[in-house]
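As structure tokens, the structure follows; a few thoughts come after it.
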There are 2 protein chains.
Amino acid sequence: MIIIIFIIRPMSLRMTPQRHAVLTLINGSARHWDAEAISRALQKNDQRIGIATIYRTLSVLEEAGLIAAVVIGQRKHYERIDKPHHDHMVCEACGRIEEFFHQDIETLQHDIAKRHGFCIQGHSLVIFGLCRQCQ
Amino acid sequence: MIIIIFIIRPMSLRMTPQRHAVLTLINGSARHWDAEAISRALQKNDQRIGIATIYRTLSVLEEAGLIAAVVIGQRKHYERIDKPHHDHMVCEACGRIEEFFHQDIETLQHDIAKRHGFCIQGHSLVIFGLCRQCQ
DNA sequence: ATGGATGCAAAAGTTTTGCACCTCT
DNA sequence: AGAGGTGCAAAACTTTTGCATCCAT
């Protein structure tokens, strides 16, 4: 006997005030945000949203492809999606995060993945160092 | 008035049974271990070490340059140091971790860091995808 | 004796979950 | 009414810290 279970998920998510606030915050800057930073920024703006809602909202927005996630130093950060793909360079002294894109690095990653028989789905490249100001 | 404080740190660390057990475990396999996995593996081997000691030991061993650390998916993993530098490829289905090294990728990272005025100190490159078996 | 290491338990930090309530069709 | 969202508090997890005790000089 074969049992097939369909799990029907809504195709579109409800854009509530909370979700809108989080999305607007992220889309309104080039920064990388973690849940804590979002919570603090919204509070300063008199929009207090429960931290649980923030976590749930970030998952939902990421799954919907409306924001991008990067893990930086064991912590998930989110940024707006309307930038072309890029990787990150983090200053270990001041925390500054810079973005870069290098087509050759991208290409070589695909090459090496193929060589290992991997079907590449994504990557995370973070360069650590000292920025110009902190050297 | 200028006060100079010298903090004298021991140059060598004491190789206690606990530290030896952790080091032996890591050096005895090609795996990547997190604190939990180490704790479980040692228990199976009738060597129970307090989890706090494991965390402290891992820091100490890493600082001493006896093991290497990699952050994979928000969690710090440790592996033996006696391998040449490499990056990682993680199968999102089965968790398999493969290693690779690509000199051109290394070189290009240095190029791009220099171009941004960054003094590069390290990097973390993890490729996500599906391994041959899981496709 | 003394400095370092350990184990335990408690604390801290981060993220998830349960649940009652609310909101929008 | 029903599905989905929210806030709060509690729980779950991971990692760190305080402290009494132990161990090896």
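Predicted model, so just to flag it, every value in this text is computed and none were measured. Computed from heavy atoms alone, side chains included, the values below leave out hydrogens, waters and symmetry copies. Lettering follows sequence order; numbering is per chain, from 1.
A distance-only check finds a donor-acceptor pair linking the side chain of B:T57 to the backbone of B:T53 [under 3.5 Å]. Formation of a donor-acceptor pair under 3.5 Å by the A:T24 side chain with backbone atoms of A:H20 is found in this model.
Note on A:E99 versus A:K83: salt bridge recorded, some NZ/NE/NH1/NH2 to OD/OE distance being below 4.0 Å.
Residue A:K76 contributes atom NZ, which lies 13 Å from atom C1' of C:dT16 at whole-angstrom precision. Spacing between atom CZ of B:R75 and atom P of C:dT15 amounts to 12 Å, rounded to whole angstrom units. Look at CE on A:M15: it is 19 Å from P on C:dT23, rounded to the nearest Å. Spacing between atom CZ of B:R19 and atom P of C:dG7 amounts to 11 Å, rounded to whole angstrom units. Counting to the nearest Å, the P atom of C:dG7 and the CD1 atom of B:I54 are 9 Å from each other. With rounding to whole Å, A:Y78 atom OH is found 14 Å from C:dT14 atom P. Across the protein-nucleic acid pair, A:L13 atom CG and D:dG5 atom P stand 7 Å apart, rounded to whole Å. Atom pair B:E62:CD and D:dT15:C1' shows a separation of 14 Å (rounding to whole Å applied).
Of the listed nucleotides (D:dT16, D:dT6, C:dA5), D:dT16 has the atom at the smallest distance from the side chain of B:Y55. Of the candidate nucleotides C:dG4, D:dT6, C:dT6, C:dG4 has the atom nearest to the side chain of B:R14. Distance from the side chain of A:Q18 is smallest for D:dG7 among the nucleotides D:dG7, D:dT15, C:dT14.
Using modelled atom types, one finds no donor on one side chain facing an acceptor on the other under 3.5 Å when comparing B:H88 with B:H77. One side chain, A:T107 or A:Q103, offers a donor N or O that lies under 3.5 Å from an acceptor on the other.
Contact between the side-chain N/O atoms of A:Q74 and the OP1/OP2 oxygens of D:dT14 is not found at any separation under 4.0 Å. Residue B:T16 places none of its side-chain N or O atoms closer than 4.0 Å to OP1 or OP2 of C:dA5.
Heavy atoms of A:I51 sit nowhere under 4.0 angstrom from any nucleic acid atom.
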Name the pairs: protein N/O against N/O of nucleotides 18-20 of chain D, kept only if under 3.5 Å.
unit_1: D:dG18; atom_1: O6; unit_2: B:R56; atom_2: NH1; d: 3.4

Show me the donor-acceptor pairs within less than 3.5 Å that the side chains of residues 119-127 of chain A make with the rest of the protein, sequence neighbours left out.
unit_1: A:H123; atom_1: ND1; unit_2: A:Q109; atom_2: OE1; d: 3.1
unit_1: A:H123; atom_1: NE2; unit_2: A:H85; atom_2: NE2; d: 3.4
unit_1: A:H123; atom_1: NE2; unit_2: A:D87; atom_2: OD1; d: 3.0
unit_1: A:H123; atom_1: NE2; unit_2: A:D87; atom_2: OD2; d: 3.4

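Qualifying salt bridge (Lys or Arg N to Asp or Glu O under 4.0 Å) partners for A:E36, counting only residues two or more places apart in sequence or in other chains: A:R40.
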